[in-house]
Structure formats: C-alpha cells, structure tokens
Amino acid sequence: QVQLMESGGGLVQPGGSLRLSCTASGLIFSRVAMAWFRQSPGKQRELLAILTHEGDTHYTDSARDRFITFRDNNTLYLQMNSLKPEDTATYYCNNWGGDYWGQGTQVTVSS
C-alpha cells in the first residue's frame with residue numbers, strides 16, 4: 001500500500017523560504033512522475049510542479065522562478081523561495097496522474 005507524507009510547512013514571513021518534503025512507502029520516486037499541488041480554503045487544488053521519473057521538471061506560472069522540485073534518496077522536495085502571502089495554502093505531493101495523496105502540510109506566509 002502506498003502512503004505519502006508531506007512535512008516542512010510552517011509560518012514564514014513574506015520573502016522567506018521553506019523546503020517541503022514528501023516521503024513515500026510503497027513507491028519509488030525515480031520510477032514515477034511526482035507532482036506538488038496546493039489548496040487554499042475555498043479554492044480548487046492547484047498544480048505547482050511535476051518531476052518526471054527521468055528527472056525533468058515542469059512548473060506552472062504560480063511556481064515558476066520561485067519554486068524548485070527535486071528528489072534525493074526517495075524523498076521529494078519543494079524548495080520555495082520569495083514566498084508571498086498568497087502562497088498560504090496546504091501543500092500536497094501526489095503521484096502524477098495517480099490517486100495517492102499525502103495529508104498535506106500547511107504553509108502560512110504572514111508578517
């Protein structure tokens with residue numbers, strides 16, 4: 001059974017950085033494409049980034065130039081820089097195109 005778990009969220013000031021992590025049991029990240037999403041209250045879940053099993057990355061406009069996703073030793077990371085209040089959301093990792101989701105990690109950007 002596959003389980004994903006996100007961590008690394010928290011409270012950060014505008015302009016700050018956070019690194020989120022996603023670990024998995026039952027899934028090898030180097031064999032599948034993985035994705036990062038986020039969801040704010042009252043909004044739809046939003047795609048941020050995809051990391052293919054070959055190591056290629058794709059970013060949506062919300063993440064491009066500020067967020068970087070990468071993996072190391074079967075941990076998926078989302079490095080978030082220059083954070084803005086509108087980045088406040090619950091962040092999730094997902095096996096791209098699949099049905100596995102973690103419980104999410106809350107990111108709050110506020111002064």
Side-chain angles (χ1 to χ4, degrees):
Q1 184 176 356
V2 174
Q3 290 186 322
L4 300 176
M5 179 175 295
E6 303 90 345
S7 61
L11 174 64
V12 62
Q13 291 188 343
S17 297
L18 278 177
R19 179 175 292 186
L20 306 184
S21 301
C22 171
T23 57
S25 60
L27 194 66
I28 299 175
F29 289 157
S30 61
R31 297 182 181 177
V32 298
M34 294 296 297
W36 287 98
F37 288 78
R38 69 184 179 189
Q39 188 167 22
S40 303
K43 295 187 178 181
Q44 289 189 332
R45 193 165 291 186
E46 175 189 17
L47 174 66
L48 296 171
I50 299 168
L51 176 62
T52 70
H53 71 280
E54 298 100 335
D56 296 325
T57 54
H58 305 276
Y59 300 96
T60 63
D61 289 345
S62 296
R64 191 173 294 114
D65 298 330
R66 297 189 299 127
F67 296 178
I68 300 170
T69 187
F70 59 97
R71 62 175 182 252
D72 184 36
N73 290 334
N74 213 43
T75 298
L76 180 70
Y77 297 97
L78 183 67
Q79 176 68 40
M80 305 189 296
N81 302 317
S82 302
L83 284 163
K84 307 173 184 179
E86 51 264 44
D87 294 318
T88 295
T90 302
Y91 286 70
Y92 301 89
C93 60
N94 158 258
N95 59 320
W96 175 242
D99 296 327
Y100 300 120
W101 298 88
Q103 83 290 345
T105 186
Q106 176 67 37
V107 172
T108 302
V109 184
S110 175
S111 55

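Every heavy atom of this structure was used, including side-chain atoms; hydrogens, water molecules and symmetry mates were not. Predicted model only: the values in this text are computed from it and were never measured.
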Using atom types as modelled, flag every donor-acceptor pair under 3.5 Å from a side chain in residues 16-36 to any protein atom, sequence neighbours excluded.
residue, atom, partner, partner atom, Å
Ser17, OG, Asn81, OD1, 3.0
Arg19, NE, Gln79, OE1, 2.7
Arg19, NH2, Gln79, OE1, 3.2
Trp36, NE1, Thr69, OG1, 3.1
Trp36, NE1, Tyr77, O, 3.3

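- Considering every non-hydrogen atom in both Pro14 and Ser111, the closest pair reads CD-N, 3.7 Å.
- Note on Trp101: it clusters hydrophobically with Leu47, by side-chain heavy-atom contacts below 4.5 Å among ILVMFWY residues.
- A continuous path of hydrophobic side-chain contacts links Ile50 to Phe37 [ILVMFWY only; heavy atoms under 4.5 Å].
- The shortest distance between side-chain heavy atoms of Glu6 and Tyr91 does not fall below 4.5 Å.
- The shortest side-chain heavy-atom distance between Val2 and Asn95 does not fall under the 4.5 Å cut-off.
- With hydrophobic clusters built from ILVMFWY side chains whose heavy atoms lie under 4.5 angstrom apart, Tyr92 does not share a cluster with Leu51.
- Of the inter-residue distances, the one linking Cys93 atom SG with Leu76 atom CG reads 6.0 Å to the nearest 0.5 angstrom.
- For the salt bridge (charged side-chain N to carboxylate O under 4.0 Å, His left out) condition, the pairs that include at least one residue of residues 65-82, sequence neighbours left out, are Arg66-Asp87.
- Judged as a salt bridge (charged side-chain N to carboxylate O under 4.0 Å, His left out), the pairs with a partner in residues 40-59 (not counting sequence neighbours) are, in order, Arg38-Glu46.
- Thr88 is linked by a side-chain hydrogen bond (donor to acceptor under 3.5 Å, both in side chains) to nothing, counting only residues two or more places apart in sequence or in another chain.
- Applying the disulfide (SG to SG under 2.5 Å) rule to pairs touching residues 43-81 yields nothing, sequence neighbours excluded.
- Listed by first then second residue, pairs satisfying ring pair (Phe, Tyr, Trp, His ring centres under 6.0 Å) with a partner in residues 45-69 number zero, not counting sequence neighbours.
- The nearest pair of heavy atoms linking Ser62 to Leu48 is CB-CD2, 4.1 Å.
- The stretch residues 34-87 participates, sequence neighbours left out, in no disulfide (SG to SG under 2.5 Å) pair at all.
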